[in-house]
Amino acid sequence: MVSKMSSKMVGSNNLAHAKRMVQQLRVEASIERIKVSKASADLMRYCGENAKYDPLLMGIPASENPFKDKKPCTIL
Amino acid sequence: MLCKKNQGETTNTLKAESESLKAKLEEERAKLHDVELHQVAEKIDALGQFVMKTRRTLKGHGNKVLCMDWCRDKRRIVSSSQDGKVIVWDAYTTNKEHAVTMPCTWVMACAYAPSGCAVACGGLDNKCSVYPLSLDKNENLAAKKKSVAMHTNYLSSCSFTNSDMQILTSSGDGTCALWDVESGQLLQSFHGHSADVLSLDLAPSETGNTFVSGGCDKKANVWDMRSGQNVQSFETHESDINNVKYYPSGDAFATGSDDATCRLYDLRADREVAIYSKDSIIFGASSVDFSLSGRLLFAGYNDYTINVWDVLKGTRVAILFGHENRVSTVRVSPDGTAFCSGSWDNTLRIWA
């Protein structure tokens with residue numbers, strides 16, 4: 001998109017943009033962070049607690065999975 | 001009125017402050033980088049062999065499948081294509097239940113409403129439209145169409161929030177927006193990306209009102225839905241971010257990118273904590289999704305494959321072949337029993 005702007009407008013746009021950048025960075029710098037070791041432990045704990053409910057992880061028998069075809073029955 | 005010289009000085013001071021804030025951010029993040037996720041994960045057992053096969057193939061689109069979404073009933077699927085068609089399928093039987101022809105080609109986004117009673121879609125028409133699904137198969141769905149969102153460039157992604165009442169959209173115009181479905185009113189807009197936004201994902205409901213977006217500016221941004229504020233930003237990818245998806249706990253999110261890697265970002269550590277890559281993987285990752293526990297990451301690639309990653313250890317546990325062209329979309333079913341992939345080979349596959 002080509003916009004024709006006077007150099008004065010470009011000047012004030014740069015200023016507005018720079019102000020927004022600084023404000024944004026201030027917001028981002030101010031958040032509270034935790035250590036990666038703690039964050040990792042929490043991710044691992046969540047996986048561990050929920051693993052047994054995860055059919056793609058644990059594998060579930062064909063009889064319980066509507067997408068897996070059950071073996072056809074033979075009538076003797 | 002400032003004269004040019006004063007403006008120049010103020011811009012420069014702001015730029016300097018910008019640089020110093022960026023440096024401070026990096027410093028703060030680095031202080032907490034005491035270990036790598038895969039190191040912490042060394043103590044848990046490795047995953048065994050995975051056998052996942054195509055269980056269903058959904059054929060019917062006349063051109064590339066671009067997007068799909070599961071219904072909360074775990075069996076219905078909506079998919080959209082370059083051919084302008086949006087199809088609702090019963091994935092158990094592979095029957096087509098509804099089909100809508102959009103007035104545009106490249107329908108890049110589609111989503112199922114939480115109630116299962118409507119679907120939303122859009123693409124090159126720059127809009128997001130909602131179609132209520134009728135029980136009468138003969139009814140012309142297009143007649144009931146409701147235009148909800150209007151962007152100034154293509155619609156790349158859409159998602160209902162927790163109800164049928166609101167839709168979140170992302171666009172090639174660089175913005176995301178929240179809309180009221182009934183009135184079509186813009187409720188909030190999200191500015192901060194400097195190029196096309198390609199994907200968004202809502203945080204799991206327990207985590208509150210945030211969402212993550214990713215785009216061609218290589219950034220992943222986390223937003224507060226109420227205020228419109230960009231609360232966190234991550235820029236470690238080397239190319240476009242094609243897809244973003246929250247980890248099931250809401251504490252992290254994964255990305256898939258044209259730089260051939262997928263990455264995991266932890267929100268509370270405020271940094272990238274894992275990269276899923278291999279020297280042999282050189283094509284872009286188009287789409288990612290987690291299994292229910294978050295232990296597995298399914299990623300679709302432009303080299304026609306789906307790679308399955310161990311999220312914690314960072315290793316690949318399976319590679320799935322079957323599609324005959326780029327994989328464009330990958331979504332795990334709501335109950336985690338299967339996942340669906342859509343491809344430029346015009347088909348969708350259900351894997352389990």
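Per chain, numbering begins at 1; letters A, B, ... match sequence-line order. Treat the numbers as computed from the prediction; the structure is a model and nothing was measured.
- For Ser213(B) against His193(B), the heavy-atom pair with the smallest separation is OG-NE2, 2.6 Å.
- Counting only distance, with no hydrogens or angles, the side chain of Thr347(B) and the backbone of Leu58(B) share no donor-acceptor pair below 3.5 Å.
- No donor-acceptor distance shorter than 3.5 angstrom exists from the side chain of Glu64(A) to the backbone of Pro61(A), with no hydrogens or angles considered.
- The two residues Phe50(B) and Leu57(A) come nearest to each other via the heavy atoms CE2-O, 3.6 Å.
- Distance alone, capped at 3.5 Å, places no donor-acceptor pair between the Arg33(A) side chain and the Glu28(B) backbone.
- The closest donor-acceptor contact from the side chain of Arg331(B) to the backbone of Asp289(B) lies at 3.5 Å or more, if one exists at all.
- Within the 3.5 Å criterion, the main-chain N or O of Lys74(B) finds no donor-acceptor partner in the side chain of Ser333(B).
- At a heavy-atom separation below 4.5 angstrom, chain A is approached by Leu312(B) within residues 306-317 of chain B.
- When all heavy atoms are compared, the tightest approach of Ser189(B) to His191(B) is OG-NE2, 3.1 Å.
- Neither the backbone nor the side chain of Ala274(B) comes within contact range of chain A; no heavy atom of the residue lies under 4.5 Å from a heavy atom of that chain.
- Each of Ala41(A), Ser40(A), Ser30(A) has some count of heavy-atom pairs under 4.5 Å with chain B, and the biggest count is that of Ser40(A).
- Note on Asp34(B), Ile44(B), Leu21(B): by heavy-atom pairs under 4.5 Å with chain A, the leading option is Asp34(B).
- The candidate from Val22(A), Ile31(A), Asn50(A), Ile34(A) with the greatest count of non-hydrogen atom pairs under 4.5 Å with chain B is Ile34(A).
- Scanning residues 221-229 of chain B against chain A with a 4.5 Å non-hydrogen threshold yields Gln229(B), sorted by number.
- Here the shortest heavy-atom pairing between Pro204(B) and Ser249(B) reads CG-C, 4.3 Å.
- Residue Val231(B) touches chain A through its backbone alone, counting heavy-atom pairs closer than 4.5 Å.
- Counting only heavy atoms from C-beta outward, the side chains of Leu267(B) and Thr210(B) never approach each other to under 4.5 Å.
- Side-chain N or O atoms of Gln232(B) include none that pairs as donor or acceptor with a backbone N or O of Asp270(B) at under 3.5 Å.
- Using a 3.5 Å distance cut-off with no hydrogens or angles, the side chains of Thr94(B) and Arg56(B) do not pair a donor with an acceptor.
- Most heavy-atom pairs under 4.5 Å with chain B: of the set Arg20(A), Lys52(A), Arg26(A), Lys38(A), this distinction falls to Arg26(A).
- At a 4.5 Å heavy-atom cutoff, the contact between Asp266(B) and chain A is made by side-chain atoms alone.
- Chosen from Val27(A), Leu43(A), Asp54(A), the residue pairing most often with chain B at heavy-atom distances under 4.5 Å is Asp54(A).
- Neither the backbone nor the side chain of Lys53(B) comes within contact range of chain A; no heavy atoms are under 4.5 Å apart.
- With respect to chain B, the highest number of heavy-atom pairs below 4.5 Å among Leu56(A), Asp42(A), Leu25(A) belongs to Leu56(A).
- For a residue to count as touching a neighbouring chain, one of its non-hydrogen atoms must lie under 4.5 Å from one of that chain's; by this rule Glu49(A) does not touch chain B.
- At a 4.5 Å heavy-atom cutoff, the contact between Arg295(B) and chain A is made by backbone and side-chain atoms alike.
- Contact of Leu37(B) with chain A is made through backbone and side chain together, with heavy-atom distances under 4.5 Å.
- The minimum heavy-atom distance between Cys340(B) and Trp70(B), with the atom names listed, is CB-CZ2, 3.7 Å.
- Proximity of the aromatic rings of Phe253(B) and Tyr247(B) is defined here by a centroid distance below 6.0 angstrom, and this criterion is not met.
- Ring geometry, Tyr92(B) versus Phe67(A): the interplanar angle exceeds 60°, so the pair is classed perpendicular (tilted spans 30 to 60°).
- Under a cut-off of 6.0 angstrom, the local environment of OH in Tyr53(A) is sparse, with at most 12 non-hydrogen atoms contributed by other residues, nucleotides or ligands.
- Between chain A and the residues Leu264(B), Leu47(B), Asn230(B), Val35(B), the largest count of heavy-atom pairs under 4.5 Å involves Asn230(B).
- Contact of Glu28(A) with chain B is made through backbone and side chain together, with heavy-atom distances under 4.5 Å.
- Options Ala269(B), Ser18(B), Ser293(B) differ in how many heavy-atom pairs under 4.5 Å they form with chain A, and the most are formed by Ser293(B).
- Screening Trp351(B), Phe339(B), Phe290(B) for a side chain to side chain contact (heavy atoms under 4.5 Å, CB included) involving Phe298(B) leaves a single residue, Phe339(B).
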